[in-house]
A.B. asks: 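Below are the structure tokens for one structure; questions will follow.
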Amino acid sequence: MTKQVLLNNLNPQQKSAVLHNTGPLLVLAGAGSGKTKVITHRFAYLSTAHKVPPMSILAMTFTNKAANEMKQRIESLTGKSANSLWIGTFHSLSARILRKEIDVLGYGKDYCIYDESDSGNIVRSVLKEFKIHEALYKGILSKISSLKASLISPEDLLANEDSYGFDEKFVRVYVKYQDELRKNNALDFDDLIMCTVKLFEQNPGLLKKYQLDFSHLMVDEFQDTNASQYRLMELFASKHKNICAVGDDDQSIYKFRGAEVKNIHKFKNDFSKTKVIMLEQNYRSTQRILDIAGNIIAKSRDRMPKKLWTDRGEGEKISYCIATNEIEEARYIAQSIKELFQKGKYFCKDIAILYRVNQQSRILEEAMRENGQPYRICGGISFYQRKEVKDIISYLKLIANPDDSVSLKRIANCPPRQIGAATITRVENEARKRDESVYNTMKYIMKSNGYTNSLKEKISSFINIIDSLHAHKEASTSELINLVFEKTGYLEWAGEEKAANLIDLRKSSEDKDLKSFLDSVSLFSGLDEDPADNSVSLMTLHNAKGLEFPVVFIAGIEDGLMPHFHAIKDTEELEEERRLFYVGVTRAQDMLILTGARKRRLYTSIQEQQPSRFLADIPENCYLCIEKRPRADAITSSVAKVPVQFSNASPYAAGARVKHPKWGVGVVRDSYGETDDVKVMVNFHTVGIKRLSLKFANLEKL
DNA sequence: AAACTAAAGCTTTTT
DNA sequence: GCTTTAGTTT
């Protein structure tokens with residue numbers, strides 16, 4: 001495509017962003033303002049008009065999906081394959097660099113990448129070893145993750161006088177966790193970024209080389225960068241300062257994951273003479289939708305003022321429907337979808353139902369099924385998280401990196417070969433003593449005396465499988481998968497359904513070498529799966545970011561859900577909820593339907609819900625409020641019957657003080673169940689919250 | 001190794 | 001409430 005054509009169909013702001021050649025550029029791109037268009041056209045324009053080699057442009061995104069879309073559009077603009085270009089996620093680009101350079105940091109180039117569950121397994125085994133309550137692993141994992149996102153390594157914690165305020169126990173766990181990763185020659189997601197930063201900070205010569213290689217940088221979804229990602233970007237750009245950051249502070253919804261919106265302000269300070277371009281023309285939504293969105297976000301504190309506008313016209317009226325309960329709400333949505341579909345204007349794929357928490361999806365799904373509407377859940381658990389798929393991948397990981405003890409333990413007894421928990425524990429203890437990987441320890445046990453023959457036999461038959469697979473490590477990945485099937489009998493053991501998934505897995509591995517296949521699999525997420533064929537999309541508001549649909553339903557517009565009750569006490573978190581709502585609303589192109597319920601079942605109790613406080617920020621004439629009465633035939637539905645035992649008749653109602661023979665005094669939080677089987681939830685000072693059956697618990701009322 | 005039971009979860013989660 | 005997982009049983 002000629003350079004002139006690349007500038008056609010761009011508005012003046014978009015054009016000036018595309019024309020910007022050297023120096024720092026910050027593009028504040030409102031929702032639906034064509035930011036991907038700007039990035040891809042700028043990429044193509046730099047290479048055709050300014051003769052910047054495409055391999056010298058580094059473009060970083062957050063999702064594989066965004067990266068792939070960018071590649072595709074650049075391919076169609078330039079007519080050349082974008083496959084080998086430096087366009088990818090922060091994580092995948094870092095992994096690519098580390099594959100070449102990581103030996104400098106003392107890791108092997110065959111390092112493997114651990115996902116959250118792999119990391120979780122390590123933290124749990126560390127906690128077990130340190131005799132710390134294992135259930136704490138989730139919180140610890142997220143603390144470790146945020147430390148790494150702030151570039152604080154275990155060594156940094158140890159070097160700091162008061163360990164940045166972290167208690168000694170946690171520091172020990174973090175140190176040990178990182179040790180274990182190193183022993184396994186493994187990096188977790190956060191390591192990919194942190195290690196790349198350390199690599200360049202510690203090796204200025206290497207940094208210089210990469211700075212020369214990458215003459216231009218582009219960063220997408222800039223408002224979502226965390227400290228380590230910002231630092232990485234800064235390292236690359238500090239020499240030539242040809243950096244273009246594109247983002248929207250109004251769409252920052254990942255603060256809880258370490259994203260720092262303030263990076264947008266920091267950018268202008270760190271890079272002097274930054275040119276700032278605002279993209280405010282929206283090409284997606286009708287004026288009515290933008291009005292709602294504008295009113296919601298206008299109340300946001302500390303935002304950069306901007307106002308989206310459109311020439312698409314007023315559009316359809318927006319409605320807000322209140323149903324009696326969440327079941328009626330779901331039925332209303334399903335019914336409305338059916339009607340829309342029957343009118344023939346929209347296909348199912350044009351429609352999305354968004355919600356705050358995954359829990360909401362179940363009832364929505366039920367209603368969709370009742371109405372015979374095809375739907376699909378976007379996000380959720382991905383193909384690569386399935387047990388059988390993870391197992392086969394573990395075999396592959398072990399072929400590439402035998403030191404990967406997490407993968408080894410995962411498949412040591414899958415399919416069963418008499419290597420149970422007891423055997424693993426014995427080998428692990430030995431491994432700990434010898435400070436070696438489990439694989440090496442197994443080899444050692446096979447050779448040494450002092451172990452029973454039966455143990456040696458079990459271990460050597462397993463090691464033989466791994467070694468015979470390892471001998472074929474140069475084979476194509478799909479052949480390797482076949483070999484795994486052959487040597488382990490996994491397919492026969494797995495059963496039909498799982499086997500079918502594994503055949504799919506083998507298919508997806510065709511034409512990929514082992515390492516790149518493993519990298520892409522490790523960095524894959526549920527969002528990357530095929531787009532909806534012809535079904536309604538159901539997803540969380542978070543997963544909806546970056547997408548658009550002609551018709552959008554947002555369910556659960558109630559206080560407690562939107563904003564979520566966990567976020568209500570904290571103003572910063574409340575602000576993030578507001579932005580989340582804004583993101584949801586701005587997904588809609590033509591029609592927006594907000595819904596809520598008067599009463600909603602939450603866990604065990606039925607809550608009276610109030611309409612979302614955010615609605616108070618929208619003038620009433622912006623939408624149509626509909627109170628949905630329950631259908632006559634629906635009155636007998638399960639929710640209509642409020643269980644009698646919820647009345648305060650029970651002596652063990654919430655608030656009552658009780659005494660337990662073992663745990664002492666506690667306060668009743670809740671009670672439920674039939675008269676002959678009443679369960680109470682009691683908060684004890686000694687052990688925390690317990691669920692007890694009144695029949696057996698022997699409680700004394702105080 | 002399946003099949004059961006008890007207990008603990010429970011906001012979102014690009015990688 | 002419902003789902004997941006850890007632990008126990010047979």
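Per chain, numbering begins at 1; letters A, B, ... match sequence-line order.
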A.B. asks: Taking any heavy-atom pair under 4.0 Å as a contact, classify A:Tyr254: base, sugar-phosphate, or nothing.
C.D. replies: base
A.B. asks: State which residues pass side-chain hydrogen bond (donor to acceptor under 3.5 Å, both in side chains) with A:Tyr114; sequence neighbours excluded, sorted by chain then number.
C.D. replies: A:Asn184, A:Asp404
A.B. asks: Under 4.0 Å between any heavy atoms, over every strand shown, what does A:Arg356 touch: base, sugar-phosphate, or nothing? Just pick one.
C.D. replies: base
A.B. asks: With 3.5 Å as the limit, what N/O pairs link the protein to nucleotides 7-10 of chain C?
C.D. replies:
none

A.B. asks: Hey, does A:Ala135 reach any base, or is it just sugar-phosphate, or nothing, if we go heavy atoms under 4.0 Å?
C.D. replies: sugar-phosphate
A.B. asks: B:dT14 and C:dT3: how far apart are their P atoms, nearest whole angstrom?
C.D. replies: 22 Å
A.B. asks: Taking only residues two or more places apart in sequence, or in another chain, which ones meet A:Thr225 in a side-chain hydrogen bond (donor to acceptor under 3.5 Å, both in side chains)?
C.D. replies: A:Asn263
A.B. asks: Taking a pair as Watson-Crick (N1 to N3 plus N6-O4 or O6-N4) or G-U wobble (N1-O2 and O6-N3), both under 3.5 Å, which stems of 3 or more consecutive pairs involve DNA chain B?
C.D. replies: B:1-10 with C:1-10
A.B. asks: Are more than 12 heavy atoms, taken from residues, nucleotides or ligands other than A:Gln610, located less than 6.0 Å from that residue's CD atom?
C.D. replies: no
A.B. asks: May I ask you to decide whether A:Glu572 forms a salt bridge with A:Lys255, counting only side-chain N to carboxylate O separations under 4.0 Å?
C.D. replies: yes
A.B. asks: Of A:Glu326, A:Glu366, A:Glu370, which meets salt bridge (charged side-chain N to carboxylate O under 4.0 Å, His left out) against A:Arg331?
C.D. replies: A:Glu370
A.B. asks: Please list residues of residues 559-581 of chain A whose heavy atoms come under 4.0 Å from any atom in DNA chain B, ordered by number; otherwise none.
C.D. replies: A:His564, A:His566, A:Glu573, A:Glu577
A.B. asks: Need to verify one output field. Residue with the more 5' nearest nucleotide on DNA chain B, A:Ala259 or A:Arg417?
C.D. replies: A:Arg417
A.B. asks: Does any pair with a residue in residues 140-152 of chain A pass side chain to side chain donor-acceptor pair (under 3.5 Å), and if so which ones, sequence neighbours excluded?
C.D. replies: A:Ser145-A:Asp190, A:Lys148-A:Gln178, A:Lys148-A:Asp188, A:Lys148-A:Asp191
A.B. asks: Describe the nucleic acid contact of A:Glu221 in one word from base, sugar-phosphate, nothing, applying a heavy-atom distance below 4.0 Å.
C.D. replies: nothing
A.B. asks: Identify whether any heavy atom of A:Asp115 sits under 4.0 Å from a base atom; if not, whether one sits that close to sugar-phosphate; answer base, sugar-phosphate or nothing.
C.D. replies: nothing
